[in-house]
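Report on one structure; see the data block that follows.
Here is how names work: the chains are called A, B, and so on, in the same order as the sequence lines, proteins then strands, and each is numbered from 1. Both backbone and side-chain heavy atoms feed into the values below; hydrogens, waters and symmetry mates do not.
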There are 2 protein chains.
Amino acid sequence: MNPEAAHDILTKHLRASGNLRSTSSRMAVLDAVMASQGHFDAEGLYYRMISNGTRISKATVYNTLDLLQECGLVSKYRFAENSSRYEKAFGRPHHHHLVCLQCGDIIEFVNERLNRIQEDVCNEKNFVPQSSSLQVFGTCGKCRKSRG
Amino acid sequence: MNPEAAHDILTKHLRASGNLRSTSSRMAVLDAVMASQGHFDAEGLYYRMISNGTRISKATVYNTLDLLQECGLVSKYRFAENSSRYEKAFGRPHHHHLVCLQCGDIIEFVNERLNRIQEDVCNEKNFVPQSSSLQVFGTCGKCRKSRG
DNA sequence: CTCGGTGCAAATGCTTTGCAATGTC
DNA sequence: GACATTGCAAAGCATTTGCACCGAG
């Protein structure tokens, strides 16, 4: 997805949410997210922006990340740690995570059967899903090799 | 599971973890957990213990909950909120959660197919699982009725 | 010109820590 | 008696909030 398309999505979401304004700070956060690779946390994104010369505050970063989540431009996860982790989500397929407890590595996977089962369970329980997150905690192959 | 069996599991885990001691505080936390229903947080457990006349500190509650998780007597979750949530886990089948974003209700479900898929994915990725948690966020039937 | 947004620093809320007193082994 | 554990209060950390100035519409 190109930057302009993302800007468009955010702007539309802001307008749709009442009287929210399309500011340069918000667009700067969005651009930083688009330039990111893999998972990141709010603090990391903040420092990356600062060191690139962008003038921004943590409060605005947190606030904007929530807005981006609302309109589906980022996903927000809570793994084992205290801090929330984010990743860009420009229409990527719905995926889940294997989290290595030794090295902290996160392996993503997609599984259609899994998604279908989820739908079945929701139907059965009369539940309308909005988002979901499967996290499997354990040890990755690399760590098993290096530690026996 | 009766209280003594649980005490046994904890004591064995303490011994197995080095030089950890089987203290009355730790057993008191375990008893409070066993008397609990559904999900709870550390603070809630602490206040329940205090109001039952148990003399205990928050630090000990947090510390002991971690020990109980290590030996599988409780499960620890992180849903959308800031605080960790726990539930007793005395050999209950592995289950997952539908979390209602309106009323906060948590609906549990068990699905064997889902567990099998999880195993397949781990094999494929050369990953050894230790625990897992699937959370589906959305709206429950009750809330949909009451709000249209 | 009118609000909503921003930056800053202080506040919040969950969790952990440091330390002297206490309890286990 | 040695040393892990406890309670307490203070510290830590991620996140939120209050408020005066700033800027988008």
Side-chain angles (χ1 to χ4, degrees), chain A residues 7-8 10-32 39-70 74 76-86 104, chain B residues 7-8 10-32 39-70 74 76-86 104:
Chain A
H7 284 206
D8 247 41
L10 177 53
T11 301
K12 273 177 192 138
H13 173 68
L14 292 169
R15 227 173 282 152
S17 300
N19 233 346
L20 305 184
R21 291 167 185 177
S22 176
T23 66
S24 57
S25 298
R26 285 175 174 155
M27 293 308 161
V29 173
L30 175 52
D31 288 339
H39 298 89
F40 57 89
D41 59 13
E43 185 125 342
L45 190 71
Y46 167 72
Y47 284 118
R48 207 173 327 130
M49 292 183 75
I50 289 293
S51 60
N52 283 348
T54 310
R55 297 181 72 263
I56 193 92
S57 71
K58 273 190 200 177
T60 302
V61 172
Y62 276 103
N63 174 21
T64 306
L65 282 172
D66 280 348
L67 291 167
L68 294 179
Q69 192 205 0
E70 285 169 19
V74 311
K76 184 176 182 177
Y77 299 104
R78 202 100 201 212
F79 297 121
E81 332 97 332
N82 333 333
S83 64
S84 295
R85 301 195 72 74
Y86 302 82
Chain B
H7 284 206
D8 247 42
L10 177 52
T11 302
K12 273 176 191 138
H13 173 68
L14 292 169
R15 226 173 281 150
S17 300
N19 232 346
L20 305 185
R21 290 168 185 177
S22 176
T23 65
S24 57
S25 299
R26 282 173 177 157
M27 292 308 162
V29 173
L30 176 51
D31 289 340
H39 299 88
F40 56 90
D41 59 13
E43 186 127 340
L45 190 70
Y46 167 71
Y47 284 119
R48 207 173 327 131
M49 293 183 75
I50 289 292
S51 59
N52 283 347
T54 310
R55 297 182 73 263
I56 194 90
S57 70
K58 273 190 199 176
T60 302
V61 171
Y62 276 103
N63 175 21
T64 306
L65 283 172
D66 280 349
L67 291 167
L68 294 180
Q69 192 206 0
E70 284 168 22
V74 311
K76 184 176 182 177
Y77 299 103
R78 203 100 203 213
F79 296 120
E81 331 97 332
N82 333 333
S83 64
S84 295
R85 301 195 70 74
Y86 303 82

Can you name the closest pair of heavy atoms from Ser84(A) and Lys76(A) and give their distance? OG-CE, 3.6 Å

Closer to the 5' end of DNA chain C via nearest nucleotide, is it Asn82(A) or Leu20(A)? Leu20(A)

Whole-Å gap separating C1' (dT6(D)) and CE (Met27(B)): 15 Å

Quick one, give me the B/S/- string for nucleotides 16-25 of chain D, reading 5' to 3', where B means a protein heavy atom under 4.0 Å from the base and S means that only happens at the primed atoms, P, OP1 or OP2. BB-----BBS

Mutual orientation of the aromatic rings belonging to Phe40(A) and Tyr86(A) [parallel < 30°, tilted 30-60°, perpendicular > 60°]: parallel

Are His13(B) and Leu68(B) side-chain neighbours, meaning at least one heavy-atom pair lies under 4.5 Å? no

Just how far, in rounded Å, is C1' of dG1(D) from CG of Asn19(B)? 15 Å

If each of Asp41(B) and Arg55(A) is mapped to the nucleotide of DNA chain C with the nearest heavy atom, which maps nearer the 5' terminus, i.e. the 5' end? Arg55(A)

Under a 4.5 Å cut-off applied to non-hydrogen side-chain atoms, are Glu43(B) and Val61(B) in contact? no

Contact span of DNA chain C against chain A, any nucleotide atom under 4.0 Å from a heavy atom, 5' to 3', runs dC3(C) to dC8(C)

What is the distance, rounded to the nearest whole Å, between atom CZ of Arg15(B) and atom P of dT5(D)? 14 Å

For the helix from dC1(C)-dG25(D) to dC25(C)-dG1(D), what angle lies between the axis at the first five pairs and the axis at the last five pairs, to 10 degrees? 40°

Determine whether Thr11(B) and Met27(B) satisfy the following criterion, side chain to side chain contact (heavy atoms under 4.5 Å, CB included), listing intermediate values before the conclusion. CA-CA 9 Å; Thr11(B) 302; Met27(B) 292 308 162; 3.4 Å; yes

Would a 4.5 Å heavy-atom cut-off, applied to side chains only, mark Leu30(A) and Thr64(A) as touching? no

Exercise: identify the closest heavy-atom pair between Arg21(B) and Arg26(B): O-NH1, 2.7 Å

Phosphate-side-chain proximity, Ser83(A) and dC13(D), N/O vs OP1/OP2 below 4.0 Å: no

Whole-Å distance between dA14(D) P and Arg78(A) CZ? 11 Å

Do other residues, nucleotides or ligands put more than 12 heavy atoms under 6.0 Å from the CZ atom of Arg48(B)? yes

Between atom OH in Tyr47(A) and atom C1' in dT15(D), what is the gap in whole Å? 13 Å

List the steps and the verdict of side chain to side chain contact (heavy atoms under 4.5 Å, CB included) for Val29(B) and Leu67(B). CA-CA 11 Å; Val29(B) 173; Leu67(B) 291 167; over 6 Å; no

Mind running side chain to side chain contact (heavy atoms under 4.5 Å, CB included) on Leu65(A) and Tyr46(A) for me, showing each step along the way? CA-CA 11 Å; Leu65(A) 282 172; Tyr46(A) 167 72; over 6 Å; no

Please report the shortest heavy-atom distance between Ser83(A) and Asp41(A), naming the atom on each side. OG-OD2, 4.2 Å

